[in-house]
2 protein chains.
Amino acid sequence: MALSRDQVVATAVDLLRRYGLGDLTMRRLARELGVAPGALYWHVANKQELLVHVADALLSEIPPPPVGQPPAEALAGLSVGVRDALVQVPDAADVVGLAYAVRPGATRALRDLAGLVHDVGVPASERDEVAALVVHQILGSVAGQHNRRLAALADPDLPPPDAAAEAKAFEVGLAVILRGLVRSR
Amino acid sequence: MALSRDQVVATAVDLLRRYGLGDLTMRRLARELGVAPGALYWHVANKQELLVHVADALLSEIPPPPVGQPPAEALAGLSVGVRDALVQVPDAADVVGLAYAVRPGATRALRDLAGLVHDVGVPASERDEVAALVVHQILGSVAGQHNRRLAALADPDLPPPDAAAEAKAFEVGLAVILRGLVRSR
DNA sequence: ACCTGAACACCGTTCAAGT
DNA sequence: ACCTGAACACCGTTCAAGT
């Protein structure tokens with residue numbers, strides 16, 4: 001039966017997860033799907049658009065924050081959850097960064113995050129900016145860990161990143177942000 | 001006379017500044033220098049290494065913070081200065097992000113930043129983490145503005161980013177970080 | 001409506017051979 | 001020491017033509 005766009009996107013996510021952005025090429029994707037490269041352009045305008053759909057797919061798998069939790073705690077928990085999900089996918093920070101810049105509120109996970117920033121007491125005039133700060137810390141941490149992993153592979157003198165230490169570093173930064181927010185209630 | 005590595009890097013910076021990472025290819029760079037593509041590999045191991053040198057060149061142009069300023073103020077000023085410098089160069093966030101992940105203290109500007117984080121009273125155990133947070137906010141802001149610019153070019157329905165508003169958003173986030181630091185003195 | 005085949009204009013990298 | 005020429009194994013995208 002005919003190919004669907006969902007099928008194209010799902011296979012793209014799979015390729016990204018397994019081999020990274022360097023191997024997520026239109027030609028490779030077509031091969032994986034058993035079609036000619038040109039066939040993909042019936043389902044997707046171009047590679048950029050495909051990557052936005054891939055970002056949406058990655059973010060849609062993140063569990064929503066549990067209800068009834070204090071907002072600061074929920075914000076921290078969701079931030080860690082988003083980071084945990086993305087850190088497993090090579091180049092996720094690049095892919096999601098693109099999609100976020102264009103449409104910050106397009107996915108539920110990032111809307112939840114903005115909502116919690118509101119709940120924590122940030123005035124409406126600064127809500128988007130603070131949400132962006134949290135997103136930068138998440139994507140920066142993910143990108144940093146991934147870059148260090150690549151660097152260690154390329155140069156055996158460099159130590160590979162320690163996942164626990166990276167997660168800890170992320171939470172230290174997040175705690176600074178949360179302290180900064182409390183004073184603005 | 002013979003090509004030098006500095007010459008190769010300087011031309012690469014120029015290409016990045018003028019046309020972005022998409023046009024900073026080894027072949028294009030070789031053409032610009034009037035040599036065969038293979039010639040570049042005498043001066044540089046590969047493209048990755050070239051990009052690290054490019055990042056160093058970009059960061060080395062940033063003015064150091066004036067002495068005698070209160071540390072929190074100097075930290076804010078330097079952060080804004082780094083952002084201002086990078087936001088003018090397409091894809092600077094990607095290029096610098098790579099170099100920073102591998103060698104956070106390799107350039108003076110980023111060492112100054114880490115030093116000011118210390119001066120502001122952050123305990124030694126959290127210095128690197130907080131410096132990374134500030135760097136994430138800088139690079140995230142730069143990447144976000146650039147991604148929005150690209151998106152607006154590709155899709156005329158999207159508004160182009162307003163430079164002043166982007167700068168303001170950055171400073172709001174930075175202020176949150178600084179408030180979070182004050183409590184940890 | 002959906003896909004193939006073939007082309008166009010590119011990439012990064014290697015390496016024998018030249019000077 | 002430094003560079004050329006030529007090759008290898010790729011890219012994203014387009015589009016007439018087929019079913």
Side-chain angles (χ1 to χ4, degrees), chain A residues 1-16 18-55 90-91 94-95 97-99 102 146-147 150-151 153-156, chain B residues 1-16 18-55 90-91 94-95 97-99 102 146-147 150-151 153-156:
Chain A
M1 90 223 133
L3 214 55
S4 71
R5 203 186 66 183
D6 282 3
Q7 209 180 144
V8 171
V9 173
T11 306
V13 170
D14 203 58
L15 233 32
L16 181 68
R18 291 217 299 251
Y19 309 108
L21 203 50
D23 285 282
L24 174 44
T25 69
M26 299 302 271
R27 297 178 105 99
R28 178 81 193 274
L29 180 53
R31 211 190 317 144
E32 212 81 7
L33 288 162
V35 296
L40 301 178
Y41 291 84
W42 182 263
H43 300 280
V44 113
N46 49 45
K47 191 175 180 177
Q48 272 253 54
E49 197 203 277
L50 173 69
L51 291 180
V52 171
H53 290 304
V54 167
D91 301 298
D94 285 312
V95 176
L98 215 211
V102 183
H146 184 248
N147 280 335
L150 285 189
L153 287 178
D155 178 354
Chain B
M1 94 225 131
L3 214 54
S4 71
R5 202 186 66 184
D6 282 2
Q7 210 180 144
V8 171
V9 172
T11 306
V13 169
D14 203 57
L15 233 33
L16 181 68
R18 290 217 301 251
Y19 310 107
L21 203 51
D23 285 281
L24 174 44
T25 67
M26 299 302 272
R27 297 178 103 102
R28 178 83 192 273
L29 179 54
R31 212 190 315 145
E32 212 81 7
L33 288 162
V35 297
L40 300 177
Y41 291 84
W42 182 263
H43 300 281
V44 113
N46 49 44
K47 191 173 180 178
Q48 272 255 54
E49 197 203 277
L50 172 69
L51 291 180
V52 170
H53 289 304
V54 167
D91 300 299
D94 285 312
V95 176
L98 214 211
V102 181
H146 185 249
N147 280 335
L150 284 188
L153 287 178
D155 178 354

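Hydrogens, waters and symmetry mates are skipped; everything else that's a heavy atom, side chains included, is used. Labels below follow one simple rule: chain letters A, B, ... track the order of the sequence lines, proteins then strands, and each chain is numbered from 1.
- Contact check for A:Gln48 versus A:Leu98: side-chain heavy atoms found under the 4.5 Å cut-off.
- Comparing atom distances between the B:Tyr41 side chain and each of C:dG12, D:dG12, D:dG5 picks out C:dG12 as nearest.
- Interatomic distance, CG of A:Leu21 versus CG of A:Leu51, reported as 6.0 Å (0.5 Å rounding).
- Put simply, CE on A:Met26 is 17 Å from C1' on C:dC11, counting in whole angstrom units.
- When distances run from any side-chain atom of A:Ala2 to the nucleotides C:dC2, C:dT4, D:dC2, the shortest one goes to C:dC2.
- Between A:Leu29 and A:Thr11 there is a side-chain heavy-atom pair separated by less than 4.5 Å.
- Side chains of B:Leu50 and B:Met26 form a contact here, defined as non-hydrogen atoms less than 4.5 Å apart.
- A straight line from CG of B:Leu24 to C1' of C:dG12 spans 12 Å, rounded to a whole angstrom.
- When the C1' atom of C:dG12 is taken as reference, atom CZ of B:Arg31 falls 15 Å away, rounded to whole Å.
- Shown here for B:Lys47 and B:Thr25, the closest heavy-atom pair between the two residues is NZ-CA, 4.1 Å.
- An OP1 or OP2 oxygen of D:dC3 is reached within less than 4.0 angstrom by a side-chain nitrogen or oxygen of B:His43.
- Atom-to-atom, CZ of B:Arg5 to C1' of D:dC3 comes out at 18 Å; the value is rounded to the nearest Å.
- As a whole-Å value, the separation of B:Leu29 CG from C:dC11 P is 11 Å.
- If B:Arg27 and A:Trp42 are placed on DNA chain C by their nearest nucleotide, the residue sitting closer to the 5' end is A:Trp42.
- Of all nucleotides listed (C:dT4, D:dT4, C:dT13), D:dT4 comes nearest to the side chain of B:Val35.
- With both pairing distances under 3.5 Å, C:dA1 is matched to D:dT19 as a Watson-Crick or G-U wobble pair.
- Two residues, A:Asp23 and A:Ala45, neighbour DNA chain D, and the one matched to the more 5' nucleotide by heavy-atom proximity is A:Asp23.
- Per the geometry, CG belonging to A:Leu40 stands 12 Å off P belonging to D:dC11, to the nearest Å.
- The side chain of B:Ala39 sits closest to D:dC3 out of D:dC3, C:dC3, C:dT13.
- We find that OH of A:Tyr19 is positioned 14 Å from P of D:dC11, with the value rounded to whole Å.
- Pairing for C:dC8 goes to D:dG12, judged as Watson-Crick or G-U wobble with the two contacts each under 3.5 Å.
- Taking every side-chain heavy atom of A:Leu3 into account, C:dC3 is the closest of C:dC3, D:dT13, C:dT13.
- The CG-P distance, from A:Asn46 to D:dC11, rounds to 17 Å in whole Å.
- Taking the P atoms as reference points, D:dA9 lies 22 Å from C:dC10, given to the whole Å.
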